[in-house]
Trainee: 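Below you will find the structure I want to go over with you.
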Number of protein chains: 2
Amino acid sequence: MTSVDKPARNNGRVRDAARTQAEILDVATEEFARAGYAGARVDEIAARTRTTKRMIYYYFGGKEQLFTAVLERAYAVIREAEQDLDVDGLDPVAAIRRLCEVTFDHHEQHPDFIRLVSIENIHEAEHIISSERLSRMGSPALDVIGRILAAGRSAGVFRGDVDAVDLHAMISSFCFFRVSNRYTFGALFGHDLVAPERREHHRAMLCDMVVAYLTAG
Amino acid sequence: MTSVDKPARNNGRVRDAARTQAEILDVATEEFARAGYAGARVDEIAARTRTTKRMIYYYFGGKEQLFTAVLERAYAVIREAEQDLDVDGLDPVAAIRRLCEVTFDHHEQHPDFIRLVSIENIHEAEHIISSERLSRMGSPALDVIGRILAAGRSAGVFRGDVDAVDLHAMISSFCFFRVSNRYTFGALFGHDLVAPERREHHRAMLCDMVVAYLTAG
DNA sequence: TGAGTAACGTACTAGTTCGTACATTAGGGA
DNA sequence: TCCCTAATGTACGAACTAGTACGTTACTCA
């Protein structure tokens, strides 16, 4: 009965606030993406972390704020990637192809992000709306599209009645749909939208379609 | 203490199994679309019905089966509408335009259906997969696309490397995205994708894009 | 007409789930 | 070195939620 078997002092790990928060966000991202907002379980998130549920409330305040934090980080990652987008020196057609390809690849590489966005739409974007950070977050991709469109227009190769935001929606929709709706689409049509052997074809299809549209006259 | 104040005999309504089931499905459709599968409350569905929770279990067995029944009915409605699609007598370009327009209109008119499909994708289509009825349900729209593509190809106006299912995905993606992602898109870009004043432009945009792609050589 | 059954209602329960009160410890600065 | 606070853990509770046991009533058909 001496104080021999002390609790194993936190598995050998030291205290690290930043690391704990990051780990919670990692697990929460997976769990929310997997089960939706209401379907996600705070206890489950805590269990898959090296810390306890108490810490979720300590750092984030609650389930709702945790979900907002997850969204904020997920969007920040995407925006950062968009900033690396470089189409300087390319002619308008090549530039728009490049943009389509990069958008296509990003969506394919971030299925969890796409699930989170789907979930946030079910909740009518309430977390984005009430997040200062997300409301302020611009979109580098939109600026790039605007510049490409302007260049193509003044070079006389693009039609003039296209809005940057609408074109962004058009491009995103196919990239997003392929990933977000692959399950129902696959179950109903027996056709896997993200099958590797169809990837190149879909990518080219998107580029061709956008270029054909912009250059049609 | 005589038997005067009897319960008001069911609000004047008579017993009607079909009507009760339909009413449950109506309310359940709204509630699942509003809150997602896990977020929907069986008690809430029952409360908004003229019957009780007991009847949900009596007729459907449980929450899961109720959701499946909701999905089955929602898809049946869409498939029925697709069967009214008539493009006979139109040349391939006009036919594909017509198909795009009808698809566009359908998506716009059935936002609840789109929400249900989004939700079902979060659950990786498990309900569709385990539903005999949904698995057997073909897609008239796909057949129509196949015929239009074949006609356009043999008339020499369409390119030959386009699959009907891929084209269906392409067309659906924009129609679906406009509705499914309007909230996050609106919150982030301050641009309402389903604003009435943009409707005609989006509709024409979709048609132009598909035709430009198919006729590009 | 009366009996059997489909349709329906009430009240309850077992289990879950978010959130918190309370206790403890590590580690940096005075 | 010692104290103060950020960081962490444990145990619990109140509210909710899917599902059910049991009882009742309206139709229908022999």
Side-chain angles (χ1 to χ4, degrees), chain A residues 3-28 30-32 34-70 119 123 126-127, chain B residues 3-28 30-32 34-70 119 123 126-127:
Chain A
S3 61
V4 172
D5 40 24
K6 279 229 188 88
R9 69 183 302 280
N10 205 11
N11 246 0
R13 280 185 57 239
V14 282
R15 296 184 170 198
D16 187 339
R19 197 197 142 86
T20 301
Q21 290 176 52
E23 198 180 343
I24 291 172
L25 282 177
D26 287 342
V27 176
E30 279 181 36
E31 176 71 3
F32 280 124
R34 187 186 64 77
Y37 175 74
R41 299 287 162 245
V42 176
D43 282 297
E44 174 67 19
I45 293 170
R48 287 170 51 196
T49 300
R50 265 177 293 187
T51 182
T52 64
K53 185 166 57 157
R54 177 73 183 73
M55 289 295 97
I56 292 174
Y57 290 89
Y58 184 68
Y59 285 120
F60 299 97
K63 188 181 181 182
E64 199 102 20
Q65 295 102 304
L66 176 60
F67 183 72
T68 300
V70 164
I119 291 160
H123 297 281
E126 56 173 304
H127 306 93
Chain B
S3 61
V4 171
D5 41 22
K6 278 231 188 86
R9 70 183 301 280
N10 203 11
N11 243 1
R13 278 185 59 239
V14 282
R15 295 183 170 200
D16 187 339
R19 197 200 142 83
T20 301
Q21 289 175 54
E23 198 180 342
I24 291 172
L25 282 177
D26 288 343
V27 176
E30 278 181 36
E31 176 70 2
F32 280 125
R34 186 185 65 77
Y37 175 74
R41 298 287 162 242
V42 177
D43 281 297
E44 174 67 19
I45 293 170
R48 287 170 52 197
T49 299
R50 266 177 293 187
T51 182
T52 64
K53 185 166 55 157
R54 177 71 183 75
M55 288 296 97
I56 292 174
Y57 289 89
Y58 184 67
Y59 284 120
F60 298 97
K63 189 181 181 182
E64 199 101 19
Q65 294 102 305
L66 177 61
F67 184 72
T68 300
V70 164
I119 291 160
H123 297 281
E126 55 172 305
H127 306 93

Trainee: Hey, are the side chains of B:L66 and B:Y59 touching, using non-hydrogen atoms and a 4.5 Å cut-off?
Mentor: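 Side-chain contact under 4.5 Å: no.
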Trainee: Inspect the contact between A:R41 and A:E31 and indicate whether a charged nitrogen and a carboxylate oxygen are less than 4.0 angstrom apart.
Mentor: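 Between A:R41 and A:E31 there is no salt bridge, as every charged N stays at least 4.0 Å from the carboxylate O atoms.
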Trainee: Would you classify A:A40 as touching base, sugar-phosphate or nothing, given that sugar-phosphate means primed atoms plus P, OP1 and OP2, and contacts are heavy atoms under 4.0 Å?
Mentor: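 Answer is sugar-phosphate: A:A40 comes under 4.0 Å of backbone atoms only.
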Trainee: For A:K53 and D:dT10, what is the distance between atoms NZ and C1' respectively, to the nearest whole Å?
Mentor: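 One finds 11 Å between C1' of D:dT10 and NZ of A:K53, rounded.
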Trainee: Please confirm whether the shortest side-chain N or O distance from A:T51 to OP1 or OP2 of D:dA7 is below 4.0 Å.
Mentor: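 So the side chain of A:T51 is outside the cut-off, no N or O lying under 4.0 Å from OP1 or OP2 of D:dA7.
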Trainee: Could you tell me whether the side chain of B:K63 and the main chain of B:A40 form a donor-acceptor pair under 3.5 Å?
Mentor: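 At least one qualifying donor-acceptor pair exists.
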Trainee: Between the base of D:dT25 and the side chain of B:R15, is one N or O donor paired with an acceptor at under 3.5 angstrom?
Mentor: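 Yes.
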Trainee: Please check the phosphate of C:dC8 (OP1 and OP2 only) for any side-chain N or O of B:T20 closer than 4.0 Å.
Mentor: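 Result: yes.
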Trainee: What is the nucleic acid contact for B:R54, judged by heavy atoms within less than 4.0 Å: base, sugar-phosphate only, or nothing?
Mentor: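 B:R54: base contact, heavy atoms under 4.0 Å.
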Trainee: Has A:T52 got a side-chain N or O lying under 4.0 Å from the OP1 or OP2 atom of D:dG9?
Mentor: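 Result: yes.
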Trainee: Parallel, tilted or perpendicular: which one describes the rings of B:Y37 and B:F32, with boundaries at 30° and 60°?
Mentor: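 It falls in the parallel class, under 30°.
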Trainee: Output the residues of residues 59-67 of chain A in contact with DNA chain C, where contact means a heavy atom of the residue under 4.0 Å from an atom of the strand; sort by number or write none.
Mentor: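 Those residues are A:G62, A:K63.
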